[in-house]
Structures are given as structure tokens and as C-alpha cells.
Amino acid sequence: MGIRAGCIGLVAVAAICTGFSPRDAWAANGAYAVDAADISEVGSCKVETWMQAATNTDFSMVANPSCVVNPFIPVELSMLSTEARSGGDWSTTFAPKAKTNIVPTGIGKLGFSFSAGGSFDALTGENLTAFATIPATFRLSETMRINVNGGWLWDRTVDRHYLTYGIGFDWKFTETLQWTIEAFGQAGATDTPSVVRPRFQTGVRYRPNEIFSVDVIYGHNITGENANWITIGTTIRFPPSESKPARERSGHL
């Protein structure tokens with residue numbers, strides 16, 4: 001209970017900060033970039049962490065605690081923090097985000113959500129970006145789903161607006177293993193062609209129980225610099241008291 005209360009307090013503070021998601025906004029699905037439409041149960045929390053290393057020596061460490069609260073409707077609040085090295089320079093950013101489900105997902109049914117947030121520089125307090133996204137999910141079966149994202153990103157550092165997009169496929173091919181493949185990026189006017197290059201990731205999640213999972217992901221061009229990336233991530237979940245296992249609650253992954 002104490003850990004969950006701490007997470008709720010952290011993300012509540014994040015929600016009222018000015019500034020929103022990182023320049024390359026990550027989803028609430030660990031290190032994967034294409035978000036699903038679902039949110040967790042009210043009262044549940046999780047802590048996602050991952051490390052990424054690129055062939056051009058870029059590197060990042062990320063922590064993303066989140067909780068689902070119900071002030072008026074269920075809302076998932078998260079606070080993504082990133083320590084990154086790019087081109088030899090280090091930066092620290094914080095990125096609060098809020099997400100709510102509009103239409104629930106189901107097998108053979110399209111569901112969608114709305115999320116919004118942004119990012120700010122932890123050292124200078126400068127607002128870096130703001131964004132809004134509509135994640136949509138179509139479930140093909142209990143073990144397969146397609147996720148599609150569309151949205152808007154404002155890079156305040158150069159005062160440019162971009163259309164963001166993403167499409168991903170998840171397949172739970174055993175009781176403990178899930179495969180994900182996704183493509184994503186942003187489109188718009190830019191002086192740096194790499195900013196609008198499409199990006200790609202694929203990886204496997206091992207989830208032996210309801211509480212813990214680990215991801216191993218290969219990606220290309222993740223931040224637009226045309227390098228290859230390896231990502232190792234973990235998720236620790238804190239379900240509500242007396243909650244049923246996720247598969248019993250929803251019937252799908």
C-alpha cells in the first residue's frame with residue numbers, strides 16, 4: 001500500500017507540472033513506442049524501467065512510474081524520467097502524461113483512448129515539447145491485437161509542429177512470451193531530415209507472472225539518427241487488492 005501511495009503521489013505532482021512528453025514520446029507500454037488503447041484497473045500502479053544503447057554510442061536510462069486514479073473518470077497518470085547521452089552531451093528530462101480510455105477494446109471491436117502530456121528539462125526547467133495522441137486498438141483474438149496511433153507533437157525548442165503516427169502488432173504466442181513489431185515516427189517540415197525518418201522496433205516480452213515482465217528489443221533509427229539500438233526493460237506491477245489476474249478480468253492479453 002505504501003509503494004502504491006508513493007507512486008500515486010509522484011504522478012499526481014507530475015500531472016500539474018508545465019511541460020510534457022519527450023521529443024520522441026514513448027508510450028505507456030514500457031520501451032515500446034506504439035501505445036494500446038487500454039488502461040489498467042483503478043488503484044493499480046506499475047514501474048517501468050529500461051536502458052537503451054545505440055551503435056553510435058548514444059545511451060539512455062528511463063524510469064516511468066504510473067498509477068490509475070478515478071477523480072471523475074479512470075485516468076492513468078505517469079511520469080517518465082530520462083537520463084540520456086546524445087552526440088556526447090547528457091540531458092535529463094521529465095515527462096508527465098495523462099491517458100483515459102474512451103471506448104473499451106474487445107475481440108473484433110475497435111477501442112480507443114486519448115492521452116496528452118509533454119516534457120521539460122530537469123536542469124533548466126525549459127518546456128521542451130507538448131503532445132496529444134489517440135491510441136486505437138483492434139483485437140483479432142485473445143492473443144493478437146493491432147495498435148494504431150495518431151497525434152500531434154509541438155517541439156517548442158524549434159517551434160515546429162509535427163503529425164505523429166505509429167502502427168504495431170502484438171502476439172502472445174505462449175503463456176509467458178509476447179512478440180511485438182512496430183513502426184512509428186513524425187511528419188512535418190524540418191531542417192534536419194533525420195527528425196522525420198521512420199523508426200522501427202521489434203522485441204519479445206517474457207512475463208512469467210502477473211507482477212513482473214522483462215523486454216528485449218531491437219530497434220533502428222529510434223531517435224532519428226540512423227543507428228541500431230538494443231533495449232532491455234522491466235515492468236513491476238502493483239494490482240489493486242483482491243484483484244483477479246489480468247487474463248481472468250479481460251479474457252485477452
Quick one: does [X]'s side chain have a donor or acceptor within less than 3.5 Å of a partner on [Y]'s backbone?
{"X": "Asn101", "Y": "Ala37", "result": "yes"}
{"X": "Arg85", "Y": "Thr57", "result": "yes"}
{"X": "Thr192", "Y": "Ser194", "result": "no"}
{"X": "Lys99", "Y": "Asp38", "result": "yes"}
{"X": "Thr82", "Y": "Ala84", "result": "no"}
{"X": "Gln201", "Y": "Gly219", "result": "no"}
{"X": "Asn147", "Y": "Ala36", "result": "no"}
{"X": "Thr124", "Y": "Glu126", "result": "yes"}
{"X": "Thr55", "Y": "Asn228", "result": "yes"}

[atom1] of [X] to [atom2] of [Y]: how many Å apart, nearest 0.5 Å?
{"X": "Ile222", "Y": "Ile217", "atom1": "CD1", "atom2": "CD1", "result": "8.5 Å"}
{"X": "Ser113", "Y": "Ile134", "atom1": "OG", "atom2": "CD1", "result": "10.0 Å"}
{"X": "Ile211", "Y": "Arg237", "atom1": "CD1", "atom2": "CZ", "result": "8.0 Å"}
{"X": "Phe120", "Y": "Arg156", "atom1": "CZ", "atom2": "CZ", "result": "12.5 Å"}
{"X": "Ser66", "Y": "Met79", "atom1": "OG", "atom2": "CE", "result": "12.5 Å"}
{"X": "Arg199", "Y": "Tyr165", "atom1": "CZ", "atom2": "OH", "result": "8.0 Å"}

Is the shortest side-chain heavy-atom distance between [X] and [Y] below 4.5 Å?
{"X": "Phe184", "Y": "Pro198", "answer": "no"}
{"X": "Arg205", "Y": "Leu177", "answer": "no"}
{"X": "Trp179", "Y": "Lys172", "answer": "no"}
{"X": "Leu153", "Y": "His161", "answer": "no"}
{"X": "Thr133", "Y": "Phe114", "answer": "no"}
{"X": "Ile230", "Y": "Tyr218", "answer": "yes"}
{"X": "Lys46", "Y": "Glu76", "answer": "yes"}
{"X": "Thr93", "Y": "Leu128", "answer": "yes"}

Side-chain donor-acceptor pair under 3.5 Å between [X] and [Y], yes or no?
{"X": "Asp170", "Y": "Thr180", "value": "yes"}
{"X": "Trp229", "Y": "His220", "value": "no"}
{"X": "Thr105", "Y": "Arg139", "value": "yes"}
{"X": "Ser60", "Y": "Gln52", "value": "yes"}

When hydrophobic residues are tied together by side-chain contacts of less than 4.5 Å, even through go-betweens, does [X] share a cluster with [Y]?
{"X": "Val204", "Y": "Phe169", "value": "yes"}
{"X": "Tyr206", "Y": "Phe212", "value": "yes"}
{"X": "Phe112", "Y": "Ile107", "value": "no"}
{"X": "Val214", "Y": "Val47", "value": "yes"}
{"X": "Ile102", "Y": "Phe138", "value": "no"}

Original post:
Does the side chain to side chain contact (heavy atoms under 4.5 Å, CB included) test come out yes or no for Tyr32 and Glu182, once each step is laid out?
Top reply: CA-CA 8 Å; Tyr32 294 108; Glu182 60 183 17; 3.7 Å; yes
Subject >> Identified side chain to side chain donor-acceptor pair (under 3.5 Å) counterpart of Thr49 within the set Asn64, Thr234, Thr235 >> reply: Thr234
**OP:** In sequence, state the C-alpha distance, the side-chain angles, and the governing distance for Thr164 and Gln186, and then conclude on side-chain hydrogen bond (donor to acceptor under 3.5 Å, both in side chains).
**Re:** CA-CA 4 Å; Thr164 59; Gln186 57 195 50; over 6 Å; no
Original post:
Of all heavy-atom pairs between Ala122 and Phe94, which one has the smallest distance, and what is that distance?
Top reply: CB-CE1, 3.2 Å
Original post:
Nearest heavy-atom pair of Asn70 and Ile73: which atoms, and what distance?
Top reply: OD1-C, 3.0 Å
**OP:** Report the C-alpha separation of Ser86 and Asp58 in whole Å, then their side-chain angles, then the decisive distance to 0.1 Å, and conclude whether the side chain to side chain contact (heavy atoms under 4.5 Å, CB included) test is met.
**Re:** CA-CA 5 Å; Ser86 179; Asp58 284 359; 3.6 Å; yes
Subject >> Flag if over 12 foreign heavy atoms under 6.0 Å of CD1, Ile232 >> reply: yes
**OP:** Go through the steps to decide whether Thr231 and Asp215 satisfy the test side chain to side chain contact (heavy atoms under 4.5 Å, CB included), and finish with yes or no.
**Re:** CA-CA 8 Å; Thr231 301; Asp215 297 288; over 6 Å; no
